[in-house]
Amino acid sequence: MELNNEFWNNRYINKDTGWDLGSVSTPLQYYFDQLSDKNLRILIPGGGNAYEAEYLFNHGFKNIFLLDYSTLALENFQKRVPDFPTNHLICQDFFEHKGRYDLIVEQTFFCAIDPSLRKNYVKKVCELLSSSGKIAGVLFNAVLNQDKPPFGGNKEEYEKLFQNNFEITTLEIAYNSIKPRAGRELFFNFKRKS
């Protein structure tokens, strides 16, 4: 199974998008509401229909960049949020992306990549973040699938994976997950080590 553009476009065509909440993730909305600097450069990789990007954009954040492998996901987003700058919609493999960001938002992207790429993901996030940049979002604290996305994980695995490159500020069970994900999501906020 190759997790490429065709794979993800087919998931949208077949409406096989169980990760899509239809609105901004509650833990992320609460986090966004605490951000005061509207000039932050924000990357949302694997953003899909990107309700998080829409929420941020509608609340005055203008430096949001949405990256996804699926052209259909980006087209869906553009139709829904026509005022969003088209040059901030990037159809590309995350691992090939270049740029510098203050914040990377994680919402069901980490669980969509092959687990063998997780160390590369951490390395790439470090490469993309500014010296005091952060990554924040939600990670599944559940086993999930072994042979297809979403791939699960647990708190101990994430601590081990990120601790060398990040200060683990927050990594706790999200208290405000939607009901189907209650108790299975970890909210995290990690700061890149200089």
Side-chain angles (χ1 to χ4, degrees), residues 17-68 73-74 76-77 80-81 83-85 88-89 94 101-113 118 121-122 125-126 128-130 132-142 144 149-159 161-163 165-193:
T17 54
W19 65 86
D20 192 313
L21 302 179
S23 64
V24 62
S25 163
T26 315
L28 283 169
Q29 179 182 336
Y30 280 53
Y31 175 70
F32 296 156
D33 289 346
Q34 298 172 44
L35 298 176
S36 56
D37 184 356
K38 306 282 184 179
N39 294 313
L40 290 171
R41 283 182 57 86
I42 301 171
L43 176 68
I44 305 177
N49 284 323
Y51 303 101
E52 288 71 27
E54 181 179 13
Y55 184 86
L56 286 164
F57 185 70
N58 289 338
H59 285 81
F61 292 85
K62 300 302 178 200
N63 293 318
I64 310 149
F65 296 82
L66 177 57
L67 185 146
D68 204 286
L74 294 172
N76 291 343
F77 179 82
R80 205 176 70 247
V81 190
D83 292 337
F84 194 89
H88 289 203
L89 298 174
F94 169 74
Y101 301 93
D102 303 304
L103 174 64
I104 294 177
V105 175
E106 174 55 53
Q107 162 64 342
T108 69
F109 175 59
F110 184 84
C111 69
I113 61 172
R118 288 183 172 178
Y121 170 95
V122 173
V125 166
C126 284
L128 292 171
L129 283 173
S130 62
S132 59
K134 295 179 181 179
I135 179 170
V138 288
L139 296 167
F140 280 112
N141 190 35
L144 304 178
F151 301 102
N154 61 60
K155 185 176 180 176
E156 293 73 27
E157 176 189 350
Y158 303 142
E159 284 174 338
L161 195 58
F162 285 92
Q163 67 187 356
N165 303 94
F166 289 88
E167 292 173 30
I168 298 179
T169 313
T170 306
L171 179 60
E172 300 296 334
I173 295 287
Y175 68 88
N176 50 6
S177 296
I178 62 165
K179 201 168 187 178
R181 295 185 183 177
R184 299 186 322 135
E185 276 186 321
L186 295 165
F187 176 78
F188 75 99
N189 184 359
F190 300 160
K191 184 179 177 185
R192 183 181 183 270
K193 289 181 179 176

- Item | Close side-chain approach of Ile42 to Phe32, heavy-atom, < 4.5 Å | no
- Query: Under the ring pair (Phe, Tyr, Trp, His ring centres under 6.0 Å) test, which residues partner Phe84, sequence neighbours left out?
  - Reply: Phe57, Phe77
- Keeping the roles fixed (side chain from Glu106, backbone from Phe109), state whether a donor-acceptor pair exists under 3.5 Å. yes
- Item | Minimum side-chain heavy-atom gap Lys193-Asn165 below 4.5 Å | no
- Within-4.5 Å side-chain heavy-atom neighbours: Ile104 and Phe190: no
- In terms of heavy-atom contacts, Val24 and Gln29 come closest through CG1-OE1, 3.3 Å
- Shortest non-hydrogen pair, Pro45 vs Val105, comes out as CD-O, 3.3 Å
- Query: Would a 4.5 Å heavy-atom cut-off, applied to side chains only, mark Leu128 and Phe94 as touching?
  - Reply: yes
- Task: Check Ser25 against Gln107 and note the closest heavy-atom contact, atom names and distance.
- Result: CB-NE2, 3.4 Å
- Polar side-chain atom of Gln163 near backbone of Ile168 as donor-acceptor pair, under 3.5 Å: no
- Heavy-atom closest pair (Arg118 atom, Glu157 atom, distance to 0.1 Å) is NH1-OE2, 2.8 Å
- Query: So how far is it from Asn189 CG to Thr169 OG1, rounded to the nearest 0.5 Å?
  - Reply: 5.0 Å
- Contact check, side chains of Leu35 and Leu103, non-hydrogen atoms, under 4.5 Å: yes
- Message: On a heavy-atom basis, which atom in Phe151 and which in Ile113 lie closest, and how many Å separate them?
- Response: CD1-O, 3.2 Å
- Message: Tell me whether Tyr158 contacts the main-chain N or O of Phe140 through its side chain, where contact means a donor paired with an acceptor under 3.5 Å.
- Response: yes
- Hits for ring pair (Phe, Tyr, Trp, His ring centres under 6.0 Å) against Phe166, two or more places apart or cross-chain, chain-then-number order -> Phe162
- Under 3.5 Å: donor-acceptor pair, side chain of Asn63, backbone of Asn39: yes
- Query: Distance from Lys179 atom NZ to Thr26 atom OG1, nearest 0.5 Å?
  - Reply: 13.5 Å
- Message: Can you confirm whether Tyr31 sits close enough to Thr170 that some side-chain heavy atom of one is under 4.5 Å from a side-chain heavy atom of the other?
- Response: no
- Task: Identify, with sequence neighbours excluded, every residue that meets side chain to side chain donor-acceptor pair (under 3.5 Å) alongside Arg192.
- Result: none
- All ring pair (Phe, Tyr, Trp, His ring centres under 6.0 Å) counterparts of Phe65, not counting sequence neighbours: His88, Tyr101
- Message: Contact between Phe187 and Tyr30 at the side-chain level, heavy atoms closer than 4.5 Å - yes or no?
- Response: no
- Check the pair Ile44 / Leu56 against side chain to side chain contact (heavy atoms under 4.5 Å, CB included), numbers first and verdict last. CA-CA 11 Å; Ile44 305 177; Leu56 286 164; 4.3 Å; yes
- Message: Rounded at 0.5 Å granularity, tell me how far CG in Leu43 sits from CD1 in Ile64.
- Response: 11.0 Å
- Under 3.5 Å: donor-acceptor pair, side chain of Lys155, backbone of Leu186: no
- Query: Can you tell me how far CG of Leu129 sits from CZ of Arg41, rounded to the nearest 0.5 angstrom?
  - Reply: 11.5 Å
- List the atom of Leu66, the atom of Gly47, and the distance in Å for their closest heavy-atom pair. CD1-CA, 3.6 Å
- Set of residues satisfying side chain to side chain donor-acceptor pair (under 3.5 Å) with respect to Glu172, sequence neighbours excluded: none
- Item | Contact list for residues 54-65, test salt bridge (Lys or Arg N to Asp or Glu O under 4.0 Å), sequence neighbours left out | Glu54-Arg80
